[in-house]
Amino acid sequence: MSAILRLESLSKQFVKDDLGIVALRDFTLEIEEAGFVTVLGRSGCGKSTMLNLLAGLIPPSSGTVTYRGEPIVRPRPEIGYLTQSDTLMPWRDVRRNIEMPMEIKGVPAPRRRERAAELIERVGLWGFERHYPRELSGGMRRRVSLARMLVGDPETLLLDEPFGALDAQLRTDLQAELLRLWEGSGQTVVFVTHDIEEALLLGDRVVVLGRLGRVVLDRKIDIPRPRAADEMRVDPGFVALHREMTAALAEGARS
Amino acid sequence: MSAILRLESLSKQFVKDDLGIVALRDFTLEIEEAGFVTVLGRSGCGKSTMLNLLAGLIPPSSGTVTYRGEPIVRPRPEIGYLTQSDTLMPWRDVRRNIEMPMEIKGVPAPRRRERAAELIERVGLWGFERHYPRELSGGMRRRVSLARMLVGDPETLLLDEPFGALDAQLRTDLQAELLRLWEGSGQTVVFVTHDIEEALLLGDRVVVLGRLGRVVLDRKIDIPRPRAADEMRVDPGFVALHREMTAALAEGARS
Amino acid sequence: MSSAPPDSAAAPAAETVPIERTWWERRGGTVTVALSRLALVVVLLAVWEWSAERWFDITFTSKPSAIWTRLIEWHQDGVLWANTWVTLEEIVLGFVLGSAAGALAGFLLASAPRVYRVLDPFVMALYSIPKVALAPLFIVWFGIGTNMKVLLAAATVFFLVFLNTAAGVREVDRGLVDAVRLMGGTKRDIALKVILPSSMTGMLTGLKVAVPYALIGAVIGELVASNRGLGYLINDAAAQFDTAGVFATLVVLSVIAALLNLVVGLFDRWVGRWKPLEART
Amino acid sequence: MSSAPPDSAAAPAAETVPIERTWWERRGGTVTVALSRLALVVVLLAVWEWSAERWFDITFTSKPSAIWTRLIEWHQDGVLWANTWVTLEEIVLGFVLGSAAGALAGFLLASAPRVYRVLDPFVMALYSIPKVALAPLFIVWFGIGTNMKVLLAAATVFFLVFLNTAAGVREVDRGLVDAVRLMGGTKRDIALKVILPSSMTGMLTGLKVAVPYALIGAVIGELVASNRGLGYLINDAAAQFDTAGVFATLVVLSVIAALLNLVVGLFDRWVGRWKPLEART
Amino acid sequence: AERGSTAPADVLNVGQISNSVAFFPLFVAEKNGYFKEQGVTLGERPRLGTGAKVAAALKSGSIDLGAGVMTDALNLSGVDQSTRLAANLVDKYYVDIVVSGKPGWPGESEPLDDRIRALRGKKIGITGPGSGTEALVTYLFARVGLRTDTDAELVNLGGVTSAALGALKSGRVDALAFFQPIAQQAEAAGIGRNYISPARGDVPQLSSVAHGVVFTTQATLEEKAEEVAAFQRAVGRAQRLIHEQPAQVEPLLAEYLKGTDPEALAALSEIIREEIPKEIGFARASYDTAVAFHRETGLIDRFPSYEEIVPRDLRIAGP
Ligand SMILES: Nc1ncnc2c1ncn2[C@@H]1O[C@H](COP(=O)(O)OP(=O)(O)OP(=O)(O)O)[C@@H](O)[C@H]1O
Ligand SMILES: Nc1ncnc2c1ncn2[C@@H]1O[C@H](COP(=O)(O)OP(=O)(O)OP(=O)(O)O)[C@@H](O)[C@H]1O
Ligand SMILES: [Mg+2]
Ligand SMILES: [Mg+2]
């Protein structure tokens, strides 16, 4: 498989007064097309910064980010990004928030309505179409954001802790949903999570980041799919992987 | 143990145009003093609404909420509440955000500085004192909120998914920290989470909520403390409890 | 609306109950406010009338009954309506023109902060010039007809709406802008779908602040050069020491202001219908 | 700052590097803006001077060289400074009084929305009255001294700051207010620690908008009863058909406006130092 | 509320409408130190722009004496019967009709009535409704059987000279009825010419009419009797100087109207001597003419008698 996203000796520092706050230093990563990469890392290690760079939201301080060989200088509609923080438009209700990417693409209204209804159902928000974001629970808002991203039919998905605020059941449902969408679609997924189990359950490959985005571990996960959480949890291979990840995270924190 | 918090036939509905959106219906719960209650429930089932009512942020539509027998009509400083969404003051840096409850209590400046430094260290944000919230990662902001709540030395803690955005390692550290604080302090904790494992690891008692706050399961957890996650995961008693919770959640969703 | 679709495995749908609210619960707030206002008006007028001859010099303050008499007189001989109409036209035209231009400029310039910073002191300097001082220029350039007054009103309104809109635009949440950029939105999409709705509050404050100045602009124009309109009436009455006449005109102006304000208020409510109740005007 | 305390088991501390920025990188933006402004001034003046006799009627527009000559003359015989000083005092006093009162009132009334709604139309009506029309009343009540002019300036400023502050207060994030309530904060804490800082933007817009009106208010006051001050100078010059004199006074006014604006701008920057760079003025 | 004077003893606050020629005697007396000599100091000297404001300032005690036109004094006496005249500054109707330089207007040799008729259907700039400028137009129109509200369009331009000249020059109005020295300024700037000038003697009926006056209230006359008397002595002296020492006065006039074209100044200094009476008193005839004029134009409906408004010491025999 060829690399679709390539980050080469990337550094990012934020300017605060007369100091540069280093978020990523000399970071290199390749992501193959149609792969499902999960990214683990401690709080503040630069995961969101990495996704922001991949999405073209912020420019790197040095190094290059390319998408299919082209440098990324601004967001591209074929890359969908579910950011860590809420960015729903407070003045639009659920339906109109979800329709927004289609509006921008110029999809005709009836088709928009239809697609939105479909996605609202898929994320389990039937009956909440007319609610404004502030009238939703935290998990519901997250699901609206997810629906909004999916409705744009992106070729590559960047997800920053998409299921963190969801209950176990819903999380399982949506994980399954995401996998169903992804499998065979040729989409590329970069999935940031804090949950090792989730990382192992979903990813083709797990990347563990240490301080300043140092890649502590980069490993293929060859557990056969479909992977069922309940069975996996007692599988010795899985337990070993889990340990390995935990160790890698601990090491990442030290260095 | 006597009940410190008592919710009696509580209902809450939000008004939207000419409709009432029911969040909780006829909800009754008692929380004993010095207990550690974890609350599980599906997204949108009313957990945050319940905490808002307990904290006195919103008035119930009917029913009563009492704290040590007194009705709660406004927030009380002895109840600390870590809300689900971020409420850090964007114009204050980390240190001054954490000092805020002490400013309000009138703690003198040197003492404030000292306590804040202590808590900043405890949540692992050493070196970020001068950062503004927007310059922090999602997990860091969460930790600042946690530190801000703890600095007020509340008698009762209400926590709405406090560790959802944190990595496994940090989560374990902070869980341990929270338990260390709680044990023997006589504090009462109500802890909302989506993570069944976390609920079992921390709670004296787990309450599972179904639709509109129906109590599907209310169960004492008598696993002896200290409870180590790694060992517990293979413990058959724990696995059974885990199953029971999963089933309860699934049932809650149906009804 | 409260039934889940059959094949959804996901979370429960919203449970809603119709709320039965009495007429009073629905309209009570509005009615109370209206009544309080009315009471306030009555009290103010009564105090004024009562104290007029006792405390004040009636030559300069007049009194409500005299003002009312003058209004009736003017109504009967048509003076009132003819002049009000002229001024109203100037005000509305000036307000619409000025606020459209101001909102547009605020919008565009705030999106180009460099240009904005360069131009800012010039705009401020221009606005610090008392327009009456430029009366000769206005007359030479724009004549003494309706145009000049509309222009004066529009110029005043422009500035207020412009600065407020620009402030609103600068406050827009970067996260929301980024969200649209991620969807592949063009600058135009960002402007229309994020900046416009979220800078509405600023713009509306601008509009609200500008209402009185539209009136003042038009009336000043009429004071500068006119032979009709409410400004003319004021002038005429003042020259004849007819304080009741001056105040009668001011009453008409206040009514126009209240009406315009009402329109802006309705627009505000409509735009802010997504906001929580406490944050609405 | 970048070393973690020894006993912390938690996450890594911030890694920082000093940034070496050349003088140009630091100050370049400011310098470019300043130079652009200067260039703009020069171009405007040149065009004005050049076109003065060709396109415009110089009797009504004057020209920069004539204005400059007049300024020098006035500077030499002291007329300029004596009058500028008088007006400056009125402006500053009026601005400070008006904005303090406006901010306070906006603050208090917006926290009592019922009262605000009741009073709103009265405030609007009051402000729609062109103050020149009330000149005789002002004279009767407040005389023709400095007080009257300060009051006129303050009254104009009040309204603008008031409405903008109130709008800012109404936009405050409820979540932040709730956070302070949870900490056991009193109404006073909420006001000082949440509403004040977060309504700053609104208030500052109000201040910015009000700067020109403080000037206009004071000058109008001086035109109403001019015995000294820049308004008097304008009046005097206009009566003698001395257009250069009128413009010279306006130049002085513009400079005062620019200075006041600068002060407000610095305050704005200081208050908004926590904001991301793009959102700063 | 009638308030007492706000000025301390020995000080008089004197307000005036503008710096028009009518108030030149005050300037002369001030410049030459006559007030000081007579034992009174002038305090505040506001230019108030309109008669209404002069009246307001007078009633509030902000000023002790107001200098304006007869119309203002009569208007004030309509609402306050204690209004008194305090000095006669100009005994001619010093409003001129100025027309633009464009050809088509009758020449100066044409009879007055024809010149008035030529104004029919024109736009005429005046200072404001109810002002002496409007009154003159009304008066002239009435002479030839025309009405201002139907036969011409009167436009208020306010009291600012440059605005009026601007309107005339840019063709926004066809003629101006304005206070002196607008005609001289217009001629000097080549904008227009003095078309009908009562002061020049174009209107025989208005040859002697009290117009520029200082007025005050009875209360002030009593409270500040000495200061007012000193004021009157000083003004009288200035008026005598204007008549007796034209050479001394010319530079003062140039200073008073600084920036005015020398040609216009020369023309003015002639006229000024004509207009300014030798004494500050009011002859019954000139007061009666003023009353007749105001009655004719319908500006005022209630007139005080000569005895009522003119204090005893200012009643003089006719010229
Ligand atoms: N705008 C900014 N200004 C200054 N520093 C920033 C800014 N954004 C991020 N940082 C810093 O960059 C580092 C990495 O942040 P990032 O948000 O990428 O972390 P993260 O891995 O996503 O953490 P989390 O899991 O907590 O979300 C942090 O130290 C943070 O303080
Ligand atoms: N301000 C509001 N207006 C209208 N409806 C609301 C409002 N706040 C909450 N709700 C509704 O109340 C219900 C419960 O919300 P709540 O926030 O308590 O859920 P939750 O259990 O905390 O969910 P999550 O786990 O997703 O945070 C939801 O259906 C939500 O839509
Ligand atoms: Mg992150
Ligand atoms: Mg919640």
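Just so it is clear: chains get the letters A, B, ... in the order the sequence lines come, proteins before strands, and each one is counted from 1.
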With a 6.0 Å cut-off (strictly less than), is the heavy-atom count around CH2 of D:W81, excluding the residue itself, greater than 12? no
Structural part of D:Y232 lying under 4.5 Å from a heavy atom of chain E: side chain
If I measure from the heavy atoms of chain D, does E:I182 come under 4.5 Å with its side chain, its backbone, both, or neither? neither
E:S62 to D:G143 - nearest heavy-atom pair and separation: OG-CA, 3.3 Å
Structural part of E:Y256 lying under 4.5 Å from a heavy atom of chain D: backbone
Around E:K123, counting heavy atoms of other residues, nucleotides and ligands shown, do more than 12 lie under 6.0 Å from its NZ? no
Part of E:A163 within contact of chain D (heavy atom distance under 4.5 Å): neither
Residue part contacting chain D, namely of E:R47, when any heavy atom lies under 4.5 Å: both
For the residue pair E:L48 and D:I139, establish whether any side-chain heavy-atom pair is separated by less than 4.5 Å. yes
Residue pairs meeting salt bridge (charged side-chain N to carboxylate O under 4.0 Å, His left out), one or both in residues 235-258 of chain D, sequence neighbours left out, come to D:R70-D:D242, D:D236-E:K258
What closest approach, in Å, do E:K53 and D:L223 show between heavy atoms, and which atom pair accounts for it? NZ-O, 4.0 Å
Taking atom CD of E:Q81 as the centre, report whether more than 12 heavy atoms of other residues, nucleotides or ligands fall under 6.0 Å from it. no
